[in-house]
Amino acid sequence: MDTAERTNLVTRFTEEVVTESEIESLFEEGTPSAYIGYAPTGEMHIGHFTTMRKLADFLEAGIEVTVLVADLHAHLDDEKSPFELLDARSTYYRTAIEAMIEAAGANPDGIEFVRGTEYQLEAPYTLDLYRMLAETTLSRAQRAGSEVVRQSENPKLGGLVYTLMQSLDVAALDADIAYGGIDQRGIYMLSREILPGHGYQKPACVFAPLLSGLSGGKMSASEDESKVNLTDDDETIAEKIQGAYCPAGEVADNGVLEYLRYLVFPVLSQDNRSFLVERPEKYGGNLEYEAYEPLEEAFVSGELHPADLKPAAAAAIAEVVDPVRERLLDEPELLADAYPETHG
RNA sequence: CCGCCCUUAGCUCAGACUGGUAGAGCAGCCGACUGUAGAUCGGCUUGUCCCCCGUUCAAAUCGGGGAGGGCGGACCA
């Protein structure tokens, strides 16, 4: 595979790449490394799944991928996860992540897993962090983390330390590429700004789009109806998709189309399978799509109606999520230990 | 260490001074209208009033204690 092909794999279906020429250079120089971090807070959902799906592209492009389970971060961000639950949630996250990567058609064995507390509790990490704390203003750190860290009336110091820690994680994990949702942009731009001053390389960045919620607007992890959970069964998924905001002909804020574009079609294409829409004869009969683009065109033109698309989308999404749910429910203690209040 | 303020529905809050076991907006749910959903109408639900003790026929409301959160002071003057 040449540099152009590899670069294309890395940059396809992304929101932003900083910068494409830096990615190309990395491929020219050798085997690049990339990392993505997840703070083990609430239960994982389909939004995580789409960023995870993209890791298959990274692996195929020959990149060394590290997944950070950022347990300390989960507590530093307004104590989203109680300190006592960090072990259980880290275990659950790792299992869920492996299941998603496998469901996306990639091999999780090719990925290195690291837990934050494995390296964040001692020098040189701590010393670098203290020095960065000394030279970063409150407002700079606040601005960098504003899209990631929970904003509240009485913000804790932890949120600001969180931001600087994540800026440093890229270097600590020796990653050439920082990958994450576009909400992470502020933090990695801070990385690019301050890491060179500490003897580290500034990372290239790849940002994934954030999915729209099913109820319109941004997806909210706390609103159960606005997203598909990894533990939702086929029927629940069908109900959620059925209730989703999905105006005919409109692509903007359309969560159903986004799920198809970023999750369903990439997974189907691995096996050269197509997407079937069953439609009553009175509306023209069944439709079949080999790629997302023609489906979107049909939707925009009005040829494909939301009422026909929704059941087909629900079935396809359920098929992708099924193995992940099976895996998680196969070890019920994973969820019970991580979320004793809802699964205990 | 001292002082002041806050805690009521999932969320934001009203009600407290002048005790009579609680309300609004938003959210949510259900119908109508759309070949989906949304929007728009119509209807509905929701509560250990932070906890304990006391006064009283009666406490979200008054008194005492406690918990959690916030703000300020105390040194420099």
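Hydrogens, waters and symmetry mates play no part in the numbers below; they use all other heavy atoms, side chains included. Here is the naming used below: chain letters follow the sequence lines, and residue numbers restart at 1 for every chain.
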* B:A37 versus B:C29 - spacing of their P atoms, nearest Å -> 13 Å
* Structure fact -> Applying the 3.5 Å cut-off to both distances, the Watson-Crick or G-U partner of B:C50 turns out to be B:G66
* Is the shortest side-chain N to carboxylate O distance from A:Asp330 to A:Arg327 below 4.0 Å? -> no
* Structure fact -> Scanning all shown strands, the Watson-Crick or wobble mate of B:C75 with both distances under 3.5 Å is none
* Take atom NE2 of A:His305 and atom C1' of B:U36, then tell me their distance rounded to the nearest Å. => 6 Å
* **Side chains of A:Tyr38 and A:Thr51, donor plus acceptor under 3.5 Å** => yes
* Quote, to the nearest angstrom, the P distance that separates B:A59 from B:U21. => 11 Å
* To do: Just compare B:G35, B:U36, B:A37 and give me whichever is closest to any side-chain atom of A:Pro306.
  => B:U36
* Nearest-Å distance once atom P is located in both B:G70 and B:U61 -> 25 Å
* So, A:Ser90 and A:Asp87: side-chain donor and acceptor under 3.5 Å apart, yes or no? -> no
* Of the listed nucleotides B:G70, B:G35, B:A37, the one nearest the side chain of A:Tyr283 -> B:G35
* Structure fact -> A:Ala307 has its side chain closest, among B:U36, B:G38, B:G69, to B:U36
* Of the listed nucleotides B:U36, B:A37, B:G70, the one nearest the side chain of A:Tyr245 -> B:A37
* Can you tell me the distance, in whole Å, between the CG atom of A:Asp253 and the P atom of B:G38? => 15 Å
* Same-atom distance (P) from B:C50 to B:A22, integer angstrom -> 14 Å
* Hey, are A:Lys156 and A:Glu79 close enough for a salt bridge, meaning a charged N less than 4.0 Å from a carboxylate O? -> no
* Is there a Watson-Crick or G-U wobble partner for B:C17 with both distances under 3.5 Å, and if so, which one is it? -> none
* Euclidean distance for P, B:G43 against B:C49 (whole angstrom) -> 30 Å
* Could you tell me the separation between the CZ atom of A:Phe299 and the P atom of B:A37, rounded to a whole number of Å? => 13 Å
* Say you pick atom P in B:G72 and the same atom in B:U40; how far apart are they, in whole Å? -> 42 Å
* Asked: Expressed in angstrom and rounded to an integer, what is the separation of A:Asn254 atom CG from B:A37 atom P?
  -> 14 Å
* For B:U12, give its Watson-Crick or G-U wobble partner with both distances under 3.5 Å, or none. => B:A24
* Where does the angle between the aromatic ring planes of A:Tyr179 and A:Phe58 fall among parallel (under 30°), tilted (30 to 60°) and perpendicular (over 60°)? -> tilted
* Length of the CD-C1' vector between A:Glu250 and B:A39, whole Å -> 11 Å
* Under 3.5 Å, is there a donor-acceptor pair linking the side chains of A:Tyr35 and A:Asp174? -> no
* Within this structure, what is the NZ-to-P distance between A:Lys240 and B:A37, rounded to whole angstrom? -> 18 Å
* Asked: Whole Å only: how far is the CD atom of A:Gln242 from the P atom of B:A37?
  -> 6 Å
* To do: May I have the distance from A:Ile237 (atom CD1) to B:U36 (atom P), rounded to whole angstrom?
  => 23 Å
* Look through every strand shown and name the nucleotide pairing with B:A32 as Watson-Crick or G-U wobble, where both distances are under 3.5 Å. => B:U40
* Return the 5'-most residue of the pair A:Pro247, A:Glu153 with respect to RNA chain B, ranking by each residue's nearest nucleotide. => A:Glu153
* Considering only atom P, compute the distance from B:U48 to B:A67 and round it to an integer number of Å. => 23 Å
* **P atoms of B:G3 and B:G64, separation to the nearest Å** => 14 Å
* Asked: In the structure shown, which nucleotide is the Watson-Crick or G-U wobble counterpart of B:U55, with both distances under 3.5 Å?
  -> none
* To do: Would you mind checking if A:Asp71 and A:Arg94 are paired as a salt bridge, meaning a charged N to carboxylate O distance below 4.0 Å?
  => no
